[in-house]
Amino acid sequence: MSATQVVPAAAVIVQSPFELPKGSGDWRDQLVSQGYAVVKGAIPLERAQQYQQSAFDWLKSFDPTLDFSDSSTWERANLPVQTNRNTYEHYGVVHEKFMWDARMEPGVRDAFAKIWGTDELLVSFDSLNVTLPNLKPQRAPWPHVDQAPRKRGLHCVQGIINLSEAGPEDGSLVVIPGSHALVEEFFDTQTDPSAWEWRDNRYFSEQDMEFFRARGLRPKKVLAGPGDLIVWDSRTIHWGGEPTDKSNTIRTVIYAAYAPARLASKEAIAEKSRVFSKYGATTHWPHDNIRLREAFACLPDGSIDPRNRTEPLEKPSISDSLLKLAGVKAY
């Protein structure tokens with residue numbers, strides 16, 4: 001499925017066979033040129049609002065005193081264990097019914113089918129993000145890409161299923177438009193190929209970012225409404241943008257990436273099926289880098305949260321379509 005070649009310092013390169021077509025006449029043109037795009041109305045507004053309410057109900061199941069209309073109850077002590085301040089991947093949440101229902105929305109799946117030219121897709125077992133705007137301190141930007149320097153071309157397209165308003169003052173994805181077209185030059189000219197790893201995650205320091213600023217690239221917060229789908233090339237530098245003090249919006253999103261099932265190895269499919277059986281979470285990648293994230297929610301002292309769950313509160317409705325997306329059943 002992919003070719004390898006030897007480059008200086010014997011760094012092995014895996015070249016993607018995919019290239020998005022230019023001149024599609026829709027949001028895909030921006031994905032090609034800028035490295036990200038917004039698919040408007042991928043989910044009808046009413047259903048997006050229902051999914052957000054389901055996310056709120058899930059959080060309230062840990063502490064009924066949590067009131068989303070009363071910010072005085074928005075305390076970390078009332079919340080389950082979070083990853084990176086505002087994301088949830090433990091307690092079986094990744095496989096809650098509302099999470100799977102959102103992943104299986106026709107408008108979301110159709111968008112990725114257009115990107116990859118097939119509807120035989122796998123989906124990532126990714127996390128839920130609920131950002132309460134008054135919780136401090138805010139996290140500083142952490143510019144990164146989710147594709148290893150050794151992988152070249154389009155290997156992965158990530159997605160955010162937006163269930164809330166993402167305006168100028170609200171929390172949202174921040175991207176460096178056009179950076180997807182320059183990261184390979186950066187790696188080749190500014191880094192040591194012998195130090196490249198296979199890990200599909202690479203952070204950029206302030207000094208690194210000067211390379212992109214010198215070429216006229218600047219950060220941009222992606223604006224979107226509830227029901228919109230944000231997609232981006234994994235080579236695009238990005239991070240989660242925090243809300244400003246003027247925002248009172250509770251950011252609510254589901255991370256979901258889709259890729260052709262044919263790209264997954266037998267080993268990846270087997271591991272994906274195993275993770276599914278344990279109601280576990282994986283990385284952003286749907287077809288590669290399949291590994292079970294830490295299964296237990298641990299408190300700051302390292303002990304397991306007594307509220308820990310090993311399965312969803314409301315399990316998804318199992319269907320052939322779901323099992324195929326999960327990699328449990330072949331197309």
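No experiment lies behind these values; they were computed from the predicted model shown. Heavy-atom basis, side chains included; hydrogens, waters and symmetry copies ignored.
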Side-chain donor-acceptor contact under 3.5 Å, Trp100 with His95: yes
Set of residues satisfying side chain to side chain donor-acceptor pair (under 3.5 Å) with respect to Thr252, sequence neighbours excluded: Gln52
Side-chain donor or acceptor of Lys272 paired with backbone N/O of Pro286 under 3.5 Å: yes
Aromatic Tyr279 / basic Arg309 pairing, under 6.0 angstrom, 45° off normal: no
Residue pairs involving residues 310-331 (criterion ring pair (Phe, Tyr, Trp, His ring centres under 6.0 Å); sequence neighbours excluded): none
Polar side-chain atom of His144 near backbone of His238 as donor-acceptor pair, under 3.5 Å: yes
Aromatic centroids of Phe211 and Phe204 separated by under 6.0 Å: no
Trp239 reachable from Val38 in the ILVMFWY side-chain graph, under 4.5 Å edges: no
Under 3.5 Å side-chain donor-acceptor pair for Tyr255 and Asn129: yes
All pairs passing salt bridge (Lys or Arg N to Asp or Glu O under 4.0 Å) where residues 60-74 contributes a residue, at least two apart: none
Heavy-atom donor-acceptor pair, Asp101 side chain to Phe98 backbone, under 3.5 Å: no
Ring geometry between Phe68 and Phe56 (parallel below 30°, tilted from 30 to 60°, perpendicular above 60°): parallel
Donor-acceptor under 3.5 Å (Gln147 side chain, Gly153 main chain): yes
Hphob cluster co-occupancy, Val157 + Ile160, side-chain heavy atoms under 4.5 angstrom: no
Kindly list each side-chain donor-acceptor pair under 3.5 angstrom involving residues 315-325, sequence neighbours excluded, with atom names and distances?
unit_1, atom_1, unit_2, atom_2, d
Ser319, OG, Leu322, N, 3.2
Asp320, OD1, Lys329, NZ, 2.8
Asp320, OD2, Lys329, NZ, 3.3

Asn162 side-chain N/O to Val253 backbone N/O, donor-acceptor pair under 3.5 Å: no
Partners meeting side chain to side chain donor-acceptor pair (under 3.5 Å) with Asp200 (sequence neighbours left out): Lys151, Asn289
Under the side chain to side chain donor-acceptor pair (under 3.5 Å) test, residues paired with Gln53 that sit two or more places apart: Asp57
Partners meeting side chain to side chain donor-acceptor pair (under 3.5 Å) with Gln49 (sequence neighbours left out): none
Partners meeting salt bridge (charged side-chain N to carboxylate O under 4.0 Å, His left out) with Asp26 (sequence neighbours left out): Arg28
Transitive ILVMFWY cluster of Ile290, excluding itself - 4.5 Å side-chain cut-off: none
Salt bridge (charged side-chain N to carboxylate O under 4.0 Å, His left out) partners of Glu271, counting only residues at least two apart: Arg274
Residue pairs fulfilling salt bridge (Lys or Arg N to Asp or Glu O under 4.0 Å) with at least one residue in residues 44-53, sequence neighbours excluded: Arg47-Glu105
Heavy-atom donor-acceptor pair, Trp116 side chain to Tyr258 backbone, under 3.5 Å: yes
Pairs satisfying salt bridge (Lys or Arg N to Asp or Glu O under 4.0 Å), at least one member in residues 215-235, at least two apart: Lys40-Asp228, Glu184-Arg235, Glu185-Arg215, Asp233-Arg235
Ser172 side chain to Leu223 backbone, donor-acceptor under 3.5 Å: no
